[in-house]
Enquirer: 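I'd like to ask some things about the structure below.
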Amino acid sequence: MSVNEMVLGIDIGGTTTAFGFVDRQGALLAEATIPTEAHESAQNLVFRLHEKIEELRASLTPNFCLKGIGIGAPNANYYRGTVEKAVNLNWGESVNLVELFRKHYDLPVAITNDANAAAIGEMRFGSARGMKHFIVITLGTGLGSGIVVNGELLYGFDGFAGELGHTVVDPAGRVCGCGKKGCLETYVSATGICRTALALMAERLDSSALRSLSHDTMTSRDIYAAAREGDPIALEAFNVTARILGMKLADAVAHLSPEAIFLLGGLAGAGELLFKPTKKYLEEYLLRTFRGKVALLPSGLNDDNSAILGAGALIWHELKV
């Protein structure tokens with residue numbers, strides 16, 4: 001009987017942890033989720049994960065061989081195998097997640113943050129196949145980024161390179177969860193566009209369907225739905241978001257000269273409402289030598305399981321196969 005190789009991709013979030021088995025071509029063979037239980041220890045999560053992983057593994061035909069484990073997690077350090085000072089996880093200053101998994105599996109294990117995993121996933125299974133220089137921007141609750149240079153993820157000296165979401169738009173601007181003011185993700189993210197819409201409603205008198213929503217209940221989906229109906233506040237919220245994103249992407253291009261920039265995540269689902277103005281502002285702010293050279297593209301991964309595929313791609317990349 002021939003043996004088929006697979007890896008395990010794990011995406012750890014503050015609320016839910018998703019995992020699945022991924023083959024060499026990027027097919028998701030089986031997947032499942034468990035509650036992260038962020039108030040509990042990392043050891044407890046790994047113990048519960050191991051049980052569920054083995055249950056899922058038993059559902060597969062016996063000719064699959066597990067080759068390694070890739071993990072995407074907040075504040076993950078690729079070099080040290082650790083998760084460090086993760087805001088939404090009660091794991092203290094640092095926990096070595098790679099070592100915890102190796103107590104259960106005598107296999108290669110690699111870890112990085114979710115945006116870096118998304119970049120590797122895009123390169124191996126998505127629309128960046130064949131590219132050696134590109135940036136992936138994840139637009140969810142915050143803004144994450146993964147940078148690929150010469151076909152390799154850029155980790156930097158300490159393992160935390162690529163935090164474009166915490167570059168500064170306005171030093172006296174919005175307070176960020178990181179403790180700074182004016183970070184890019186406070187303007188360009190699902191939460192950021194809501195803050196923009198609320199600010200616009202305070203400044204302008206335009207009639208808007210968004211005025212019936214409270215500060216606590218408004219979501220980026222509400223703004224998207226309103227913008228599709230021509231709502232002036234919603235449309236201007238997308239315009240403001242695109243202008244700031246285009247400006248900061250132009251800065252990133254000046255540093256890195258990528259072939260393409262990929263946008264994925266919830267806010268990127270707005271499609272042309274976000275992509276079209278962002279591309280316009282990107283070209284406007286670019287140094288002339290870069291104009292017309294950088295593609296702005298949607299992810300080629302299915303958003304529903306891109307995190308698992310990214311984590312799987314990470315370990316396939318490490319295995320060099």
Enquirer: Check whether any side-chain heavy atom of Y224 lies under 4.5 Å from a side-chain heavy atom of T219, and answer yes or no.
Expert: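 The answer is no; the side chains never approach within 4.5 Å.
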Enquirer: Just by distance, no angles: are the side chains of S214 and D216 close enough, under 3.5 Å, to form a donor-acceptor pair?
Expert: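 No, D216 and S214 have no side-chain donor paired with an acceptor closer than 3.5 Å.
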Enquirer: Taking the basic N atoms (NZ, or NE/NH1/NH2) and the acidic carboxylate oxygens, is any pair closer than 4.0 Å for E152 and K320?
Expert: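 Looking at K320 together with E152, the answer is yes, because their closest N to O distance falls below 4.0 Å.
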Enquirer: Over 60° means perpendicular and under 30° means parallel, so tell me whether Y155 and Y78 are parallel, tilted or perpendicular.
Expert: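 Plane angle under 30°, so parallel.
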Enquirer: Taking all heavy atoms of A237 and all of L200, pick out the closest pair and write down the distance.
Expert: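 Shortest heavy-atom contact: N-CD1, 3.6 Å.
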Enquirer: Assess the residue pair F21 and F64 against the criterion (ring pair (Phe, Tyr, Trp, His ring centres under 6.0 Å)); give the C-alpha distance rounded to whole Å, side-chain angles, the decisive distance to 0.1 Å, and a yes or no.
Expert: CA-CA 10 Å; F21 296 105; F64 281 102; 8.6 Å; no
Enquirer: With rounding to the nearest 0.5 Å, note down the distance linking OG in S145 to CD1 in I135.
Expert: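 It comes to 7.5 Å.
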Enquirer: Give me the atom names and distance for the closest heavy-atom approach of T138 to A118.
Expert: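 Minimum heavy-atom contact is CG2-CB, 4.2 Å.
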Enquirer: For the pair K248 (side chain) and V168 (backbone), establish whether a donor and an acceptor sit closer than 3.5 Å, ignoring hydrogens and angles.
Expert: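 Pair found, side chain donor or acceptor close to backbone of V168.
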Enquirer: Tell me, do R129 and M123 make a side-chain contact under 4.5 Å, heavy atoms counted?
Expert: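 R129 vs M123: side chains apart.
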Enquirer: Should T17 and T36 be marked as a side chain to side chain donor-acceptor pair (under 3.5 Å) after you check the CA-CA gap, both sets of side-chain angles, and the distance that decides it?
Expert: CA-CA 5 Å; T17 293; T36 300; 2.8 Å; yes
Enquirer: Between K293 (side chain only) and T289 (backbone N and O only), is there a donor and an acceptor less than 3.5 Å apart?
Expert: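 A pair under 3.5 Å: yes.
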Enquirer: Rounded to the nearest 0.5 Å, what's the gap from CG on D158 to CD on E84? Could you check?
Expert: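 Between atom CG of D158 and atom CD of E84 there are 7.0 Å.
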Enquirer: Would you say V253 and I261 make side-chain contact, with heavy atoms under 4.5 Å?
Expert: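 Side chain of V253 against side chain of I261, heavy atoms only: contact under 4.5 Å found.
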Enquirer: In sequence, state the C-alpha distance, the side-chain angles, and the governing distance for E122 and L301, and then conclude on side-chain contact (heavy atoms from CB on, under 4.5 Å).
Expert: CA-CA 7 Å; E122 202 68 56; L301 299 176; 4.1 Å; yes
Enquirer: Atom CG of L66 and atom CG of L60: how far apart are they, to the nearest 0.5 Å?
Expert: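 Those atoms lie 10.0 Å apart.
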Enquirer: Group every Ile, Leu, Val, Met, Phe, Trp and Tyr by side-chain heavy-atom contacts under 4.5 Å, then state whether L267 and L249 land in the same group.
Expert: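 Yes; tracing contacts between hydrophobic side chains, which count when under 4.5 Å, links both residues.
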Enquirer: Walk me through whether W91 and Q43 qualify under side-chain contact (heavy atoms from CB on, under 4.5 Å).
Expert: CA-CA 9 Å; W91 293 357; Q43 290 86 345; over 6 Å; no
Enquirer: Looking at side-chain heavy atoms only, is the closest gap between E259 and K132 below 4.5 Å?
Expert: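 Counting from C-beta outward, E259 and K132 never come under 4.5 Å.
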Enquirer: Please indicate whether K180 has more than 12 foreign heavy atoms, meaning atoms of other residues, nucleotides or ligands, lying under 6.0 Å from its NZ.
Expert: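 Yes, enclosed.
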Enquirer: With ring pair (Phe, Tyr, Trp, His ring centres under 6.0 Å) as the criterion, how do F101 and H50 come out once you've worked through the C-alpha distance, each side chain's angles and the decisive distance to 0.1 Å?
Expert: CA-CA 8 Å; F101 273 95; H50 174 251; 9.0 Å; no
Enquirer: Under 4.5 Å between side-chain heavy atoms, counting indirect links through other Ile/Leu/Val/Met/Phe/Trp/Tyr residues: same cluster for L28 and L264 or not?
Expert: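 Looking at the clustering, L264 is in a separate group from L28.
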Enquirer: Show the numbers, then the answer: is there a side-chain contact (heavy atoms from CB on, under 4.5 Å) between L274 and T241?
Expert: CA-CA 8 Å; L274 181 67; T241 301; 4.2 Å; yes
Enquirer: Grab the two heavy atoms, one from G70 and one from L314, that are nearest each other, plus how far apart they are.
Expert: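 Shortest heavy-atom contact: CA-CD2, 4.4 Å.
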Enquirer: Any idea which heavy atoms bring I308 and A18 closest together, and the distance?
Expert: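 Closest pair (atom of I308, atom of A18, distance): CD1-CB, 3.9 Å.
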Enquirer: Check the hydrophobic clustering (I, L, V, M, F, W, Y; side-chain heavy atoms under 4.5 Å; chains of links allowed) and say if V148 and L256 are grouped together.
Expert: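 In one cluster: no.
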Enquirer: I'd like to know if E99 and K103 make a salt bridge, using a cut-off of under 4.0 Å between side-chain N and carboxylate O.
Expert: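 Here E99 does not pair with K103 in a salt bridge, since their nearest N and O are not under 4.0 Å apart.
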Enquirer: Side chains of S208 and D231: any donor to acceptor distance under 3.5 Å?
Expert: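 Checked: D231/S208 side chains pair up, N/O donor to acceptor below 3.5 Å.
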Enquirer: If you look at every heavy atom in C183 and V169, which pair is closest and at what distance?
Expert: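 Nearest pair, atom of C183 first, then V169: C-CG2, 4.4 Å.
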Enquirer: Any donor and acceptor pair, going by atom type alone, linking the side chain of Y79 with main-chain N or O of G156 inside 3.5 Å?
Expert: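 Yes; at least one donor-acceptor contact below 3.5 Å.
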Enquirer: Regarding S41 and N44, do their side chains bring together a donor and an acceptor under 3.5 Å, going by distance alone?
Expert: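 There is no such pair between these side chains.
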Enquirer: With rounding to the nearest 0.5 Å, note down the distance linking CG in D23 to CE in M6.
Expert: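 It is 10.0 Å, given to the nearest 0.5 Å.
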Enquirer: Locate the shortest heavy-atom distance separating L286 from R291; write the atom from each residue and the value.
Expert: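 Scanning both residues completely, I find the closest heavy atoms to be O-NE, 3.0 Å.
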Enquirer: Side-chain heavy atoms nearer than 4.5 Å, only ILVMFWY residues, links allowed to pass through others: does that put V136 and L296 together?
Expert: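 No; L296 is not reachable from V136 via cluster members.
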Enquirer: Roughly how far, to the nearest 0.5 Å, is the CZ atom of F262 from the CD1 atom of I137?
Expert: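 Atom-to-atom, I137:CD1 and F262:CZ are 11.5 Å apart.
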Enquirer: Please tell me whether T33 and T16 have a donor and an acceptor in their side chains that are separated by less than 3.5 angstrom.
Expert: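 Their side chains do not contain a donor-acceptor pair, so the 3.5 Å distance test is not met.
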Enquirer: Between E54 and H104, do the side chains contain a donor N or O and an acceptor N or O under 3.5 Å apart?
Expert: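 There is no such pair (donor and acceptor under 3.5 Å, judged by atom type) between the side chains of H104 and E54.
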Enquirer: Using a strict threshold of under 4.0 Å (side-chain N to carboxylate O), is an ion pair present between D206 and R211?
Expert: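 Salt bridge flag = no for D206 with R211.
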Enquirer: Counting only N and O atoms by type, is there a donor-acceptor contact under 3.5 Å from the side chain of T191 to the main-chain atoms of T141?
Expert: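 Side chain of T191 to backbone of T141: a pair is present.
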Enquirer: May I ask you to check whether N239 and R243 show a side-chain donor-acceptor distance below 3.5 Å?
Expert: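 Looking only at side-chain atoms, R243 and N239 do not form any donor-acceptor pair under 3.5 Å.
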Enquirer: Could you go through the side-chain contact (heavy atoms from CB on, under 4.5 Å) check for V188 and L139 one step at a time?
Expert: CA-CA 7 Å; V188 182; L139 300 171; 3.8 Å; yes
Enquirer: Donor-acceptor pair, E185 side chain versus L143 backbone, under 3.5 Å?
Expert: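 Yes, the answer is positive, given that a donor and an acceptor are paired below the 3.5 Å cut-off.
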Enquirer: Stepwise, does the salt bridge (Lys or Arg N to Asp or Glu O under 4.0 Å) test hold for E55 with R48?
Expert: CA-CA 11 Å; E55 285 181 16; R48 290 187 296 113; over 6 Å; no
